[in-house]
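Here is the structure we will look at, set down as structure tokens.
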Amino acid sequence: MISGNRLSGRRFSGRRIGVPSAGGLLPIFRSATQGFWYDPSDFSTMFQDSAGTTPVTAAGQPVGKILDKSPFENHLTQATGAFRPTLEQDALGYYYLAFDGTQFLSATIDFSATDTMTLAATYNPTIAGECSLMSLGTVTSQAGAFDLGVLMGGILLYRSGDSAFGARGTASLEASVATVSATLNLAGDSHATENPTLRFAGGQFDLTDYVAGDTGGGNFGNYTFKLGGGLAAFDGRCYGAMAFDIVLTSTQIETVEAYLNSKSGLIAPDFYSDSAVFIPETTYHYGSTFSHVDIRTAATDFVVAISSPIFPFYPQYAYVGVYVDDVYVTQIEADLAGMKQYSLTLDAGLKNIRFVHGLQSAAYGTFVTSVRANAPMTQTQGLTNNRIVAYGDSITVGSDASPIMQKAWAGQIQWAQSLTGQSFAVEAWGGRALHDDCVDGTARTAFVAKIEAYNPSGLWMAIGTNDYGLNLWTAANFGTAYAATLDALHAAMPDLHIYCQTPILRLVETANGLGSTLGDYRTAIATAVSTRTAFCELVDGTTFMTLADIPDGVHPNSTGHDLYALAVYTEITT
């Protein structure tokens with residue numbers, strides 16, 4: 001590890017506003033003229049029978065009636081005992097309505113006076129197939145009907161107008177609790193102007209994947225509303241549900257989502273420290289390698305939802321690291337490619353927790369999509385100023401370190417950011433080469449934009465060993481592109497300081513299939529730097545360690561990563 005690195009004194013800043021009170025939601029409902037609000041955590045709203053004579057007093061009891069907490073009094077009932085959901089309590093202590101695929105609550109709700117709608121709910125389907133959490137009318141036969149639920153692992157928003165359309169986000173929901181909000185505006189005459197959206201886990205989708213043609217400008221209907229049923233019955237948990245007959249503002253939606261999140265102890269991260277940009281899960285690329293979710297809480301029990309598309313290809317790398325007060329504690333090992341929840345127990349007391357994303361191969365990695373806990377959480381953020389970005393390959397993402405989430409050299413620098421006074425981000429994945437990013441002018445422009453998105457003050461370029469080892473281009477062509485890349489970076493970011501590290505030792509460095517030795521690529525880097533010393537600095541990677549620390553001839557072991565981290569740490573702090 002980095003000498004003297006006790007990782008103490010990190011500065012955090014809160015990014016979450018307090019959870020809104022129930023009273024704080026009433027002004028939003030008053031801005032609407034129709035809607036509903038169902039809260040399974042409020043025992044005063046639930047009864048075991050449809051007549052409302054026997055109160056619900058404990059988990060495990062049936063719910064035959066739930067009162068609407070909105071001003072509109074759209075109370076739901078179920079007359080048949082066998083079809084009544086039950087109130088249950090999860091392992092973290094939060095209450096939910098449990099549906100088994102046959103149960104539902106219903107009422108006739110008149111939305112026929114509106115052509116706009118906002119829906120929001122916190123739910124967890126327990127089946128992989130199609131199921132509808134809430135519905136108004138029958139989407140296959142009644143104009144203006146809608147369903148919100150799950151279809152083939154994705155969020156489903158299905159709406160029937162002049163004809164039917166379906167739209168969905170691609171993120172899997174079967175294995176995790178999530179808060180979803182959706183908007184529909186039917187005032188226009190086409191899908192383009194209708195512009196329905198879904199928000200999920202901090203990302204937003206403008207839904208254009210319609211099944212059929214134009215829906216027209218018709219209103220919603222005066223139909224039977226079902227919680228727990230629709231086009232397909234709902235099997236799973238509902239922690240809360242709301243609707244408004246208007247399109248809420250972004251601030252109002254965030255307030256609603258924060259309230260619903262509190263009903264299940266949920267944080268769906270809306271940013272990741274040391275990541276260039278949040279990319280919604282349409283690509284499963286939530287953030288860069290070793291980007292992280294920082295949380296301050298006194299909670300002891302956690303449920304962490306993870307997406308791990310890297311798992312089928314490299315299961316040995318499908319990890320999320322866990323740090324408490326800057327000390328490595330453990331790593332969560334993903335065991336499937338989709339989203340899944342993992343339980344975690346930590347010691348009591350107020351603490352700073354960091355969930356660290358795993359290494360990547362191309363755009364595949366392991367990412368945190370939500371965190372639930374048995375006490376309130378505040379999402380925080382570490383240093384964001386004076387950021388250095390490490391650009392590299394499998395060595396930079398920690399291949400052959402053990403455990404990777406503690407020992408990878410770039411990770412060690414990142415954990416030491418409070419010591420360096422700098423934020424350290426990682427733009428790297430296994431097998432990466434300069435040829436992948438900067439083969440021509442168009443590619444270089446895109447690469448520079450990617451680096452620029454990090455808003456860096458420095459760039460550590462640890463690239464070139466794959467350009468040699470994979471025979472991608474000669475050392476001469478590599479050097480030309482390397483120099484052009486430096487110039488493009490400098491033109492876009494004149495104040496950027498670039499550390500140009502030559503490749504570390506390899507067991508075999510003789511001429512490759514193109515006739516260039518690894519030494520030739522190092523020379524090409526040195527030559528490019530020699531005329532750009534005003535903004536570039538040459539770093540000799542061959543001095544970091546010996547071949548004894550590179551047992552496979554390419555990748556350092558844990559000792560090698562320690563030495564690598566020490567060399568980088570020394571360079572950027574002196």
Side-chain angles (χ1 to χ4, degrees), residues 16 19 38-43 46 56-63 66 85-101 103 121-128 131 133 150 171-180 200-201 228 234-241 257-269 293 295-308 319-322 324 329-336 338-351 353-355 366-379:
R16 288 278 176 185
V19 175
Y38 307 117
D39 180 3
S41 71
D42 187 345
F43 278 54
M46 293 177 290
V56 171
T57 59
Q61 295 176 352
V63 178
I66 185 168
T86 58
L87 179 71
E88 301 292 351
Q89 189 175 25
D90 68 22
L92 296 177
Y94 298 96
Y95 290 96
Y96 61 90
L97 292 177
F99 297 88
D100 69 359
Q103 303 156 334
T122 299
Y123 59 110
N124 178 201
T126 54
I127 59 174
C131 58
L133 172 67
V150 170
S172 172
L173 278 181
E174 304 96 55
S176 62
V177 174
T179 295
V180 174
F200 165 71
F234 182 73
D235 192 317
R237 305 175 178 184
C238 176
Y239 290 82
E257 289 175 342
Y259 180 82
L260 286 170
N261 286 347
S262 72
K263 294 302 174 180
S264 64
L266 176 70
I267 280 184
V293 182
I295 291 168
R296 185 169 177 81
T297 183
T300 56
D301 295 319
F302 299 83
V303 176
V304 185
I306 293 173
S307 173
S308 186
Y319 302 132
V320 165
V322 181
V324 177
V329 173
T330 188
Q331 60 187 21
I332 299 170
E333 301 181 11
D335 62 7
L336 82 170
M339 288 177 63
K340 186 175 180 179
Q341 298 183 134
Y342 298 85
S343 297
L344 178 70
T345 299
L346 299 174
D347 292 339
L350 188 64
K351 49 195 168 290
I353 304 171
R354 169 163 287 179
F355 297 99
T366 304
F367 310 104
V368 174
T369 60
S370 68
V371 181
R372 298 176 58 226
N374 63 343
M377 296 178 287
T378 300
Q379 189 175 352

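Basis for what follows: all heavy atoms, side chains included, without hydrogens, waters or symmetry-related copies.
The shortest side-chain heavy-atom distance between Thr330 and Leu344 falls under the 4.5 Å cut-off. Side-chain atoms of Gln341 and Val304, non-hydrogen and from C-beta on, never get closer than 4.5 Å to each other. Side-chain contact check for Lys340 versus Ile306: every heavy-atom pair is 4.5 Å or farther apart. In this structure the side chain of Gln379 reaches within 4.5 angstrom of the side chain of Val293, judged on heavy atoms. Contact check for Tyr96 versus Asp90: side-chain heavy atoms found under the 4.5 Å cut-off. Taking the side chain as every heavy atom from C-beta outward, Phe43 and Tyr95 approach each other to under 4.5 Å. By the 4.5 Å heavy-atom criterion applied to side chains, Val322 and Gln331 are not counted as neighbours.
Not one N or O on the side chain of Arg237 forms a donor-acceptor pair closer than 3.5 Å with the backbone of Leu97. Under a 3.5 Å cut-off, the side chain of Thr126 and the backbone N or O of Asp235 do form a donor-acceptor pair. Using a distance-only test at 3.5 Å, with no hydrogens or angles considered, a donor-acceptor pair links the side chain of Thr297 to the main chain of Pro376. Formation of a donor-acceptor pair under 3.5 Å by the Ser307 side chain with backbone atoms of Phe367 is not found in this model. Judged by distance alone, the side chain of Tyr94 and the main-chain N or O of Ala373 form a donor-acceptor pair under 3.5 Å.
In plain terms, the two heavy atoms of Ala121 and Leu260 that are nearest each other are N-CD1, 3.7 Å. In plain terms, the two heavy atoms of Leu92 and Asp301 that are nearest each other are CD2-O, 3.5 Å. When all heavy atoms are compared, the tightest approach of Lys263 to Tyr239 is O-CD2, 3.5 Å. Contact record, Thr179 with Asn261: OG1-OD1, 2.5 Å, taken as the closest heavy-atom pair. Of all non-hydrogen atoms in Ser370 and Leu266, the two that sit nearest each other are CB-CD1, 3.4 Å. Considering every non-hydrogen atom in both Tyr259 and Asp39, the closest pair reads OH-OD2, 3.2 Å.
Separation of the Phe302 and Tyr342 ring centroids does not fall under the 6.0 Å cut-off.
Leu133 contributes atom CG, which lies 6.0 Å from atom OH of Tyr123 (distance to the nearest 0.5 angstrom). To the nearest 0.5 Å, the span separating CZ on Phe99 from SG on Cys131 amounts to 11.5 Å. Taken to the nearest 0.5 Å, the CZ atom of Arg372 stands 12.5 Å off from the CD1 atom of Ile267. In this structure, CZ on Arg296 lies 4.0 Å from CG on Leu350, to the nearest 0.5 angstrom.
Shown here are the side-chain contact (heavy atoms from CB on, under 4.5 Å) partners of Ser343, two or more places apart in sequence or in another chain: Val303.
Between the side chains of Thr300 and Asp347, no donor N or O sits under 3.5 Å from an acceptor N or O.
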